[in-house]
Amino acid sequence: MQPAVPEPSPPPEGPAGNGAVTLPPARSDAPVPPVARKNGFMRQQDTQADAHPSPATAPGSGPAGPSDHPHPQPSVGSLAAHRQRAVAAAVSDLEPDLDADLDAYEEDRSEGALPQGRFLDRERSWLAFNERVLELAEDPNTPLLERANFLAIFASNLDEFFMVRVAGLKRRIATGVATRSASGLQPREVLEMIWARSRELMARHAACYHEDVAPALADEGIHLVRWSELTEKEQARLFTLFRHQIFPVLTPLAVDPAHPFPYISGLSLNLAVVVRNPVSGHKHFARVKVPPLLTRFLEASPGRYVPIEDVIAAPNHLEELFPGMEILEHHAFRITRNEDLEVEEDDAENLLQALEKELMRRRFGPPVRLEVEESIDREVLDLLVRELKISEAEVYPLPGPLDLTGLFRIHGLDRPELKYPKFVAGTHRDLAEVESASPPDIFAALRARDVLLHHPYDSFSTSVQAFLEQAAADPDVLAIKQTLYRTSGDSPIVDALIDAAESGKQVLVLVEIKARFDEHANIKWARKLEEAGCHVVYGLVGLKTHCKLSLVVRQEGETLRRYSHVGTGNYHPKTARLYEDLGLLTADPQVGADLSDLFNRLSGYSRRETYRRLLVAPKSLRDGLVARIDKEVQHHRAGRPAFVRIKVNSMVDEAVIDALYRASRAGVPVDIWVRGICAVRPGVTGLSENIRVRSILGRFLEHSRLFAFGNGGEPEVWIGSADMMHRNLDRRIEALVRVVDPGHRAALNRLLDTGMSDGTASWHLGPDGEWTRHATDTDGQPLRNVQEMLIDARRRRRGTATP
């Protein structure tokens with residue numbers, strides 16, 4: 001089946017008019033004069049003469065501030081908290097590109113060069129992605145507990161954005177190495193834009209929680225209350241809980257000449273307490289850290305939940321912590337720190353030890369954001385700002401409670417009627433025509449045909465996991481080679497590799513110990529694998545190994561046969577139920593030979609850069625994709641079928657984007673399905689009128705990477721691990737595999753058809769960088785949901801489809 005594509009327009013003879021393409025202004029490119037900010041209990045001084053202005057406020061932000069202020073900031077809302085990897089949306093996409101992201105892109109100066117200002121700002125685009133997450137929380141058609149979950153995801157995403165992107169930007173500004181971004185903004189302009197835009201979004205986040213989701217939860221018998229709203233009986237019950245389970249782990253830290261201001265760890269929730277000595281009359285400041293391992297919301301009585309900091313801060317409870325002192329006031333606050341890692345691999349004799357030391361130093365990174373309750377006393381706020389050495393612009397007064405990622409706990413309540421309908425993936429039909437209690441013979445299935453997997457609609461446990469478990473148990477398997485970027489804490493993948501090594505098989509595991517925020521877990525697994533006899537390597541110096549590869553070598557008679565898996569997602573059984581990903585299981589000799597060569601490169605000294613059915617970064621992947629995009633121009637000019645269709649998490653790389661612009665100028669239709677960041681300006685006359693950009697968010701996190709080309713009537717399709725970002729194409733080992741089965745190519749093009757269709761619910765990107773949600777048709781009826789369609793298709797195969 002040929003994919004439906006728009007009718008191509010004829011190639012332009014050259015840029016319109018006098019050779020200049022008129023680009024619409026993006027909000028991130030439209031700064032306003034610098035003004036003093038007024039936020040709750042603090043006012044920022046006028047920005048310095050060399051500072052750069054903030055962009056204009058986007059529509060839909062919070063209410064206007066006091067009339068005496070020319071550009072008021074909205075009251076910002078609750079945000080938070082500790083990262084929930086199983087549900088947070090692709091927050092690992094935030095890695096700072098220290099040598100590229102904020103550097104100016106050197107464009108081609110040859111005749112017909114593309115115009116300046118053609119790239120949207122990456123940081124604003126990320127904030128727009130998180131806005132789309134927020135829109136799902138605001139949508140009354142989203143199940144109620146899922147709305148609470150999206151509120152938690154929004155807050156968790158924003159935490160990591162500040163910890164990594166904002167921290168990296170500040171570090172580059174401080175060291176003087178930050179330069180104008182590819183979007184044309186100066187570093188200070190980007191920072192000002194982030195501060196302004198994040199405040200607008202947090203205002204909506206707070207309003208959604210306080211005015212909509214929390215009252216709706218109460219109507220369903222789930223009450224999120226504050227201490228003052230509890231009954232005397234509930235308070236008495238919680239006092240008993242406090243005395244026996246909370247008080248013993250609390251440590252109040254005084255601040256006075258004998259006690260310096262304590263270190264405040266990143267993302268910890270704290271109480272700033274002011275007490276007075278009744279004898280001397282002197283006031284004192286103390287900090288109480290809320291224990292992070294305790295439940296965020298405590299159940300006061302069935303269906304009624306109170307934040308743990310409210311329980312700690314209750315008057316008679318604080319008196320237990322400061323006996324004999326008068327409790328004057330208390331305020332919750334929270335600090336976000338730079339938690340990016342800097343490991344000089346070239347100088348590190350032992351990468352594992354160097355990384356462990358850097359992980360210890362991460363706890364002491366400089367602060368980048370201070371969240372405080374709106375009711376905080378000005379004197380207490382001044383003390384925090386001074387001691388934490390943070391600027392007023394980085395202070396975020398919020399309505400309590402802080403740390404709303406505690407809503408992950410609320411989402412976990414057993415109320416299925418308030419969540420998405422339960423879906424349990426089944427075994428792929430090519431692995432087991434009829435599901436039974438006995439596991440399928442994966443090797444026999446792969447000898448018959450390649451298997452294209454689409455998770456979570458196809459079960460990970462009965463496909464990829466079963467593939468490795470069968471390999472570990474099979475006496476004819478001689479060797480297993482495996483990459484691990486992220487995996488679960490109780491990983492059956494790791495267990496299978498250990499079983500294989502202990503049974504005498506040769507097992508090579510490439511563990512990427514620099515996988516962001518999973519470093520501790522990966523170091524632990526690396527040592528466990530080594531102890532079991534696996535050969536563990538940590539990849540190439542200066543490069544992260546992000547490709548998703550498995551290779552099994554099996555003795556079959558007088559020959560050796562290689563079985564392979566190439567995927568778009570991690571070998572993580574838990575996230576495989578929540579992330580949308582693709583994978584190819586195959587016994588194709590070319591893929592097996594390619595994986596053998598690539599693993600040899602990763603574990604040894606091979607310099608191979610060309611492969612049979614793979615494109616591998618950093619050497620051949622970008623060039624390979626750009627060459628194929630350029631080839632579509634040739635096909636189009638020759639009158640042959642031509643199109644470019646890409647599905648990725650992020651589209652930032654300027655060389656790839658410029659190739660897409662050139663294709664669009666030539667009349668080639670270009671479709672981009674992106675989950676998160678996108679620096680492309682679609683729909684610009686003379687530049688990108690043949691480019692469409694869509695985004696889909698929902699119950700599953702769209703995570704697959706897919707590349708399809710018309711190729712003159714013989715469609716070419718690739719899947720793999722690489723996003724179109726500098727880090728993926730220049731500083732990571734990434735791999736794409738070419739899909740050769742005609743049925744698989746057709747299925748993937750149908751998926752792209754559906755995702756890009758105007759009849760599918762999605763967000764559309766405009767040339768000004770603004771995303772518009774399209775969820776209903778002209779009659780107000782809901783558009784089709786691609787994820788629900790795929791769920792229903794799997795249910796129909798098993799005879800359990802919804803009527």
Side-chain angles (χ1 to χ4, degrees), residues 40-42 78-82 159 162-163 226-227 242-243 245-278 280 282-294 296 298 307-339 362-392 394-398 400-403 405-406:
F41 290 81
M42 64 88 179
S78 304
L79 57 105
H82 301 290
D159 280 347
F162 273 90
M163 287 190 296
R226 306 307 298 268
W227 181 262
F242 172 80
R243 287 293 302 272
Q245 298 187 33
I246 301 176
F247 176 79
V249 298
L250 296 178
T251 304
L253 297 174
V255 177
D256 57 32
H259 301 85
F261 192 85
Y263 173 77
I264 311 295
S265 56
L267 298 189
S268 64
L269 189 59
N270 305 270
L271 291 174
V273 184
V274 179
V275 299
R276 180 165 55 204
N277 187 323
S280 66
H282 293 158
K283 292 196 297 184
H284 302 278
F285 174 90
R287 172 257 191 161
V288 179
K289 180 179 180 178
V290 177
L293 298 181
L294 298 180
R296 179 69 183 85
L298 300 175
I308 186 173
E309 68 270 23
D310 279 19
V311 177
I312 297 172
N316 55 329
H317 298 182
L318 283 179
E319 290 171 1
E320 295 284 318
L321 287 170
F322 303 97
M325 305 293 283
E326 298 176 11
I327 310 298
L328 300 182
E329 56 188 285
H330 59 83
H331 312 280
F333 71 94
R334 186 169 176 263
I335 192 76
T336 309
R337 294 186 177 275
N338 178 350
E339 299 214 9
R362 172 192 270 177
R363 298 177 53 248
F364 301 96
V368 294
R369 181 181 57 168
L370 172 63
E371 301 165 77
V372 298
E373 288 187 310
E374 288 180 333
S375 58
I376 193 169
D377 177 76
R378 179 72 241 189
E379 186 176 351
V380 175
L381 178 58
D382 288 343
L383 172 67
L384 292 174
V385 169
R386 182 175 65 254
E387 295 292 343
L388 292 169
K389 296 180 175 60
I390 198 167
S391 72
E392 291 267 0
E394 296 167 303
V395 177
Y396 290 76
L398 312 168
L402 305 182
D403 193 8
T405 52

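Only a predicted model underlies this, so the values are computations on that prediction, with no experimental measurement involved.
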- request: May I ask you to test the V249-L294 pair for a side-chain heavy-atom distance under 4.5 Å?
  value: yes

- request: Kindly give the heavy-atom pair with the smallest separation between F333 and L271, and that separation in Å.
  value: CE2-C, 3.9 Å

field: Member of V275, L384, V273 meeting the side-chain contact (heavy atoms from CB on, under 4.5 Å) criterion with F285
entry: L384

message: So, taking the atom named CG in D310 and the one named CZ in R226, what distance separates them when rounded to the nearest 0.5 Å?
response: 4.0 Å

query: Can you name the nearest heavy-atom pair linking T336 to D159, along with the distance?
result: CG2-O, 4.0 Å

field: Close side-chain approach of L318 and H330, heavy atoms under 4.5 Å
entry: yes

field: Pairs involving residues 282-294, ordered by first then second residue, that meet side chain to side chain donor-acceptor pair (under 3.5 Å) (sequence neighbours left out)
entry: S265-K289, N270-R287

message: Listing request: all salt bridge (charged side-chain N to carboxylate O under 4.0 Å, His left out) pairs with a residue in residues 312-327, at least two apart in sequence or in separate chains.
response: R243-E320, R276-E326

statement: Closest heavy-atom pair, P291 versus L250, reported as atoms and distance to 0.1 Å, is CD-CD2, 3.5 Å

side-chain contact (heavy atoms from CB on, under 4.5 Å) assessment of R369 paired with R334: CA-CA 8 Å; R369 181 181 57 168; R334 186 169 176 263; 3.9 Å; yes

query: What is the minimum heavy-atom distance between R337 and P367, and which atoms define it?
result: NH1-CD, 3.7 Å

task: Answer yes or no: is there a donor N or O on one side and an acceptor on the other, between the side chain of H331 and the main chain of A272, under 3.5 Å?
output: no

query: Would you say L321 and F247 make side-chain contact, with heavy atoms under 4.5 Å?
result: yes

query: Closest approach of V368 and F162, non-hydrogen atoms and distance?
result: CG2-O, 3.4 Å

